[in-house]
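Following: one structure in structure tokens, then a few remarks.
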Protein chains: 2
Amino acid sequence: MQTKLTKLLGIRHPIIQGGMAWIADASLASAVSNAGGLGIISAMNANADWVREEIRKCRTLTDKPFGVNIMLMSPHVEEVAQMVAEEKVPVVTTGAGNPSRFVKMWKEAGIKILPVVASTALAKMVERAGADAVIAEGGESGGHVGDLTTMALVPQVVDAVKIPVVAAGGIGDGRGLVAAFALGACGVQMGTRFLVADECTVSAEYKKKVLAAKDISTMVTGRRLGHPVRAIKNTYMNAYAKMEADSNIPDEQLEQFGVGSLRKAAKEGNADEGCFLAGQIAGMVKRAQPAREIIDEIMAQAEKMMEGVRWDV
Amino acid sequence: MQTKLTKLLGIRHPIIQGGMAWIADASLASAVSNAGGLGIISAMNANADWVREEIRKCRTLTDKPFGVNIMLMSPHVEEVAQMVAEEKVPVVTTGAGNPSRFVKMWKEAGIKILPVVASTALAKMVERAGADAVIAEGGESGGHVGDLTTMALVPQVVDAVKIPVVAAGGIGDGRGLVAAFALGACGVQMGTRFLVADECTVSAEYKKKVLAAKDISTMVTGRRLGHPVRAIKNTYMNAYAKMEADSNIPDEQLEQFGVGSLRKAAKEGNADEGCFLAGQIAGMVKRAQPAREIIDEIMAQAEKMMEGVRWDV
């Protein structure tokens with residue numbers, strides 16, 4: 001299935017793997033790229049040396065295109081931005097802002113740039129700055145979330161920009177991929193379903209929680225500090241929500257409480273103190289599978305639905 | 001276009017108009033039904049006499065099927081439930097709970113029952129109780145909202161029940177209708193787009209606000225009291241949000257603050273003190289049109305996209 005996204009990135013299937021902090025490393029990224037999607041390494045808050053090592057590891061594991069997700073609020077963002085240009089990674093996705101100051105450097109390095117956006121205003125801004133496509137992410141996704149949902153955001157972004165639009169948030173199977181096409185997107189980004197990929201190095205407890213999740217198993221906290229995140233309900237999330245609702249607890253204390261919780265979930269598998277980021281479609285994720293099987297299953301379902309369809313995706 | 005929904009309800013187009021309190025009256029409902037959709041009269045918190053009068057008025061305006069939306073938390077719910085059975089209205093949709101105690105009476109009156117649900121658990125419960133279909137509504141909708149979004153909720157409800165599923169929330173055009181089909185729904189319920197229908201008797205200020213809305217123009221308040229509602233950002237909503245975040249303000253004061261705000265928006269057009277319920281696709285609603293034109297436009301767009309498609313919707 002060829003779409004504007006597969007043509008833009010030179011990939012086989014219109015599926016990008018989300019850049020999940022503490023999770024999306026060379027192992028998962030290379031598996032997704034080898035399966036015909038676009039694997040992504042998360043640069044999260046890491047320094048350039050760590051990210052460079054993952055990039056080089058990824059290159060030993062795949063000869064297919066892959067990308068790096070750069071969190072624009074990272075304290076190491078300048079050195080990481082420079083490094084990915086030196087390494088000439090095929091694709092960069094960005095989160096938490098407008099990457100315009102890096103666009104020239106990345107373009108000169110031949111990098112395709114796909115910022116994640118949560119509003120039409122940011123989509124228009126990054127299009128003007130030179131982005132090759134945008135990833136319109138709805139608030140049903142895991143991790144940092146915006147207010148708009150995929151169903152409402154994607155068609156509005158499609159109407160607002162001329163560059164290709166990728167849908168993210170709430171997509172876990174072939175039905176979601178076809179729905180994204182219907183809304184005007186040319187591909188999807190998925191995180192949650194890849195959490196249980198065999199090649200995903202996240203803790204066993206994390207995978208267990210995703211596989212056990214129901215539709216209502218996630219919640220959002222962090223709105224008060226302006227950085228809402230969606231994660232699976234547990235002791236940590238409930239405690240955070242309770243503190244957040246108490247306006248007598250100062251912001252600093254709340255901020256402090258969250259420190260280390262992602263690492264505790266992803267690396268240590270600390271069931272109670274970890275923050276297990278996941279999207280609302282966790283309830284649809286029922287089986288651990290190799291990344292290739294996940295992608296093949298989604299594509300088979302979508303291709304069957306798309307038989308006879310003549311949309312320009 | 002025939003779907004499980006058009007066959008179940010005996011309507012021409014798979015579009016149900018949302019049952020908006022203070023807004024969805026005989027005028028709008030009959031216009032939507034005459035245009036081939038399913039018009040809905042909102043029983044809101046009104047008594048049986050008021051609702052009966054709207055039903056009879058609707059019958060003078062259309063000979064097509066229409067429905068009544070019954071809010072299960074209404075103080076008048078028992079008498080309204082009884083009255084719709086006496087009146088043998090063709091369809092009842094329900095909100096805010098499980099209508100199981102009325103199912104037998106309504107079935108005997110030949111009424112089709114479509115509860116609005118926000119989770120797979122409630123969907124399964126109402127299916128067991130005898131519902132004919134469910135309306136799975138995502139939190140991008142206007143008015144009372146659940147946590148799950150349309151993109152995440154609809155396929156999970158489709159997998160959880162055997163009865164037909166209608167998608168609601170975030171749907172404003174033909175693309176949304178086709179996306180709903182892709183997710184496994186057999187029709188949609190739309191509220192926001194019908195707010196600006198010529199036959200909608202809501203205040204001029206309300207229509208103005210919807211037409212001026214952008215993608216990010218709505219917000220949710222009321223989570224603290226367990227009844228979150230989505231509405232257009234204005235003086236009222238900002239003030240409510242501020243009070244809600246202050247845990248030194250007692251719940252009673254918050255509750256009191258909201259009283260009358262829907263009426264002020266819908267009937268008085270009070271720009272600052274009204275609560276202008278609307279969904280996230282308000283940003284996509286750009287023109288006031290007759291209900292028939294809205295429906296025809298959506299169907300033409302969807303039918304063009306569905307050419308050659310062989311989905312079982």
Side-chain angles (χ1 to χ4, degrees), chain A residues 118-121 123 138-141 146-160 167 169-184 214-216 218-220 223-224 244-249 279-284 302 304-311, chain B residues 118-121 123 138-141 146-160 167 169-184 214-216 218-220 223-224 244-249 279-284 302 304-311:
Chain A
S119 70
T120 57
E140 51 268 78
S141 71
D147 280 336
L148 285 157
T149 73
T150 302
M151 200 74 157
L153 177 66
V154 171
Q156 296 190 66
V157 170
V158 166
D159 291 343
I171 297 159
D173 64 8
R175 293 174 295 186
L177 175 56
V178 177
F181 289 149
L183 297 174
K214 292 191 287 191
D215 56 332
I216 56 164
T218 70
M219 66 188 289
V220 173
R223 286 195 182 95
R224 183 170 130 192
E244 184 169 39
D246 183 350
S247 47
N248 299 312
I249 288 182
Q280 289 186 344
I281 58 99
M284 251 163 62
K304 192 166 169 226
M305 291 175 73
M306 296 290 283
E307 267 175 38
V309 172
R310 289 180 296 262
W311 307 343
Chain B
S119 70
T120 57
E140 51 268 80
S141 71
D147 279 336
L148 284 156
T149 73
T150 302
M151 199 74 154
L153 177 65
V154 171
Q156 296 191 65
V157 170
V158 166
D159 291 343
I171 297 158
D173 64 9
R175 293 174 296 186
L177 175 56
V178 177
F181 290 149
L183 297 174
K214 293 191 287 188
D215 57 333
I216 56 165
T218 71
M219 65 188 290
V220 173
R223 286 196 181 95
R224 184 171 130 191
E244 183 170 39
D246 183 350
S247 47
N248 299 312
I249 289 181
Q280 290 187 344
I281 57 99
M284 251 163 63
K304 194 166 168 225
M305 290 176 73
M306 296 291 283
E307 266 176 39
V309 172
R310 291 179 296 262
W311 307 342

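So you know, we letter chains A, B, ... as the sequences are listed, proteins then strands, and number each from 1.
Ranked by heavy-atom pairs shorter than 4.5 Å toward chain B, the options A/K214, A/M219, A/R223 are led by A/R223. Contacts with chain A were tallied for B/S247, B/G170, B/G169, B/A282; B/S247 has the most, counting heavy-atom pairs under 4.5 Å. Most heavy-atom pairs under 4.5 Å with chain A: of the set B/A182, B/G279, B/G283, B/A167, this distinction falls to B/A182. Across B/K304, B/M284, B/M305, the residue that shares the most heavy-atom pairs under 4.5 angstrom with chain A is B/M305.
In this structure, A/N248 CG and B/N248 CG are separated by 4.5 Å, a value rounded to the nearest 0.5 Å. Atoms CG and CD1, from B/L153 and A/I281 in turn, are 13.5 Å apart once rounded to the nearest 0.5 Å.
Qualifying side-chain contact (heavy atoms from CB on, under 4.5 Å) partners for A/T149, counting only residues two or more places apart in sequence or in other chains: A/E140, A/M151, A/A152, B/E140, B/T149, B/Q280.
When every heavy atom of B/A179 is checked against every heavy atom of A/L183, the shortest pair comes out as CB-CD2, 3.7 Å. A/D215 approaches B/T120 most closely through the heavy-atom pair OD2-N, 2.7 Å. Here the closest non-hydrogen pair linking A/G308 and B/R310 is N-NH2, 4.4 Å.
Of the two parts of A/V158, only the side chain, counted from C-beta on, holds a non-hydrogen atom closer than 4.5 Å to a non-hydrogen atom of chain B. For A/E307, the parts lying near chain B are the backbone and the side chain together; criterion is any non-hydrogen pair under 4.5 Å.
Sorted by first and then second residue, the pairs that involve residues 151-160 of chain B and meet salt bridge (Lys or Arg N to Asp or Glu O under 4.0 Å), not counting sequence neighbours, are A/R175-B/D159.
Within 6.0 Å of CG in B/D147 there are 12 or fewer heavy atoms belonging to other residues, nucleotides or ligands.
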